[in-house]
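Computed from heavy atoms alone, side chains included, the values below leave out hydrogens, waters and symmetry copies.
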Amino acid sequence: MNDINAVEDGLVVKLPWFNELDDVRKRVLIDMAFNLGLYGLLEFKNTLRYVSEGKYSQASRNMLLSLWADQVGQRAKTLSRMMETGEDPDFLC
């Protein structure tokens with residue numbers, strides 16, 4: 001839990017709009033920051049710009065255009081879908 005809090009705190013500092021996101025989209029960025037490191041995630045400049053502007057479909061598509069998406073495969077597809085819809089498939093009935 002301390003690791004999650006540390007990543008979230010870093011996201012709040014580096015992305016001031018982070019706290020305005022819904023919980024699902026916050027979890028997407030936290031997951032990516034765990035995988036890539038905070039500074040690795042910050043390299044997703046276009047994706048993060050789209051997220052900050054509420055353009056979640058564009059952010060979702062942009063996520064899948066990365067080397068990261070090729071490397072993590074299905075996880076990237078799941079996170080991309082979560083970013084686009086704001087829904088977590090693990091919690092849907």
Side-chain angles (χ1 to χ4, degrees):
M1 199 61 184
N2 288 338
D3 291 342
I4 293 171
N5 290 335
V7 168
E8 191 168 356
D9 290 346
L11 288 168
V12 168
V13 169
K14 295 295 185 181
L15 306 172
W17 44 263
F18 176 81
N19 278 331
E20 298 171 20
L21 297 174
D22 59 74
D23 288 342
V24 172
R25 292 183 175 107
K26 283 181 183 178
R27 284 202 315 269
V28 169
L29 295 182
I30 290 168
D31 188 292
M32 291 178 73
F34 261 96
N35 185 251
L36 297 159
L38 177 60
Y39 291 97
L41 173 62
L42 294 176
E43 292 299 313
F44 281 65
K45 294 178 187 339
N46 291 328
T47 298
L48 294 172
R49 179 175 46 83
Y50 289 138
V51 175
S52 73
E53 295 171 352
K55 297 177 180 176
Y56 303 122
S57 292
Q58 290 100 319
S60 170
R61 285 192 297 275
N62 209 64
M63 289 165 64
L64 296 177
L65 297 175
S66 66
L67 176 60
W68 163 81
D70 291 338
Q71 292 172 337
V72 300
Q74 185 58 45
R75 186 69 186 148
K77 291 176 186 174
T78 299
L79 292 173
S80 172
R81 191 167 44 255
M82 290 169 63
M83 179 59 72
E84 182 172 14
T85 65
E87 297 175 351
D88 187 335
D90 292 335
F91 294 103
L92 295 177
C93 297

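Atoms CE and CZ, on Met63 and Arg81 in that order, are 11.0 Å from each other to the nearest 0.5 Å. In this structure, CE on Met32 lies 6.5 Å from OG1 on Thr47, to the nearest 0.5 angstrom. In this structure, Glu8 CD and Asn19 CG are separated by 7.0 Å, a value rounded to the nearest 0.5 Å. Taking CD1 of Ile30 as the start and CG of Asn35 as the end, the distance is 14.0 Å to the nearest 0.5 Å. A distance of 6.0 Å separates CG in Leu41 from CG in Leu11, rounded to the nearest 0.5 Å.
Nearest approach of Phe18 to Lys26, heavy atoms of both residues: O-CE, 3.4 Å. Heavy-atom minimum distance, Leu79 versus Val28: O-CG2, 3.7 Å. The minimum heavy-atom distance between Trp17 and Val51, with the atom names listed, is CZ3-CG1, 3.5 Å. Across all their heavy atoms, Met83 and Ala59 have their closest contact at CG-CB, 4.1 Å. Nearest heavy atoms, Ala76 versus Ala69: CB-CA, 3.6 Å. For Pro89 against Met82, the heavy-atom pair with the smallest separation is CD-CG, 3.6 Å.
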Hey, mind stepping through Glu87 and Val24 against side-chain contact (heavy atoms from CB on, under 4.5 Å) and telling me if it holds? CA-CA 6 Å; Glu87 297 175 351; Val24 172; 5.8 Å; no
Give the C-alpha distance, both sets of side-chain angles, the deciding distance and a yes or no for side-chain contact (heavy atoms from CB on, under 4.5 Å) between Glu53 and Gln58. CA-CA 10 Å; Glu53 295 171 352; Gln58 290 100 319; over 6 Å; no
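Without hydrogens or angle criteria, Thr78 side chain to Gln74 main chain gives a donor-acceptor distance under 3.5 Å. No donor-acceptor pair under 3.5 Å is formed between the side chain of Ser57 and the backbone N or O of Glu84.
Under a hydrophobic clustering in which Ile, Leu, Val, Met, Phe, Trp and Tyr are joined whenever their side-chain heavy atoms come within less than 4.5 Å, directly or via other members, Tyr50 and Trp68 fall into different clusters. Clustering ILVMFWY residues whenever any of their side-chain heavy atoms sit less than 4.5 angstrom apart, transitively, puts Leu48 in the very cluster that holds Leu38. Cluster annotation: Tyr39 is connected to Leu15 through the hydrophobic network of ILVMFWY side chains, with a link wherever side-chain heavy atoms come within less than 4.5 Å. With hydrophobic clusters built from ILVMFWY side chains whose heavy atoms lie under 4.5 angstrom apart, Leu29 shares a cluster with Val12. Under a hydrophobic-cluster definition in which Ile, Leu, Val, Met, Phe, Trp and Tyr are linked whenever side-chain heavy atoms come within less than 4.5 Å, directly or via other members, Leu36 and Phe34 are assigned to the same cluster.
Using a 4.5 Å cut-off on side-chain heavy atoms (C-beta onward), Arg75 and Asp31 make contact.
Under the salt bridge (Lys or Arg N to Asp or Glu O under 4.0 Å) test applied with Arg27, the options Asp88, Asp22, Asp90 reduce to a single match, Asp88.
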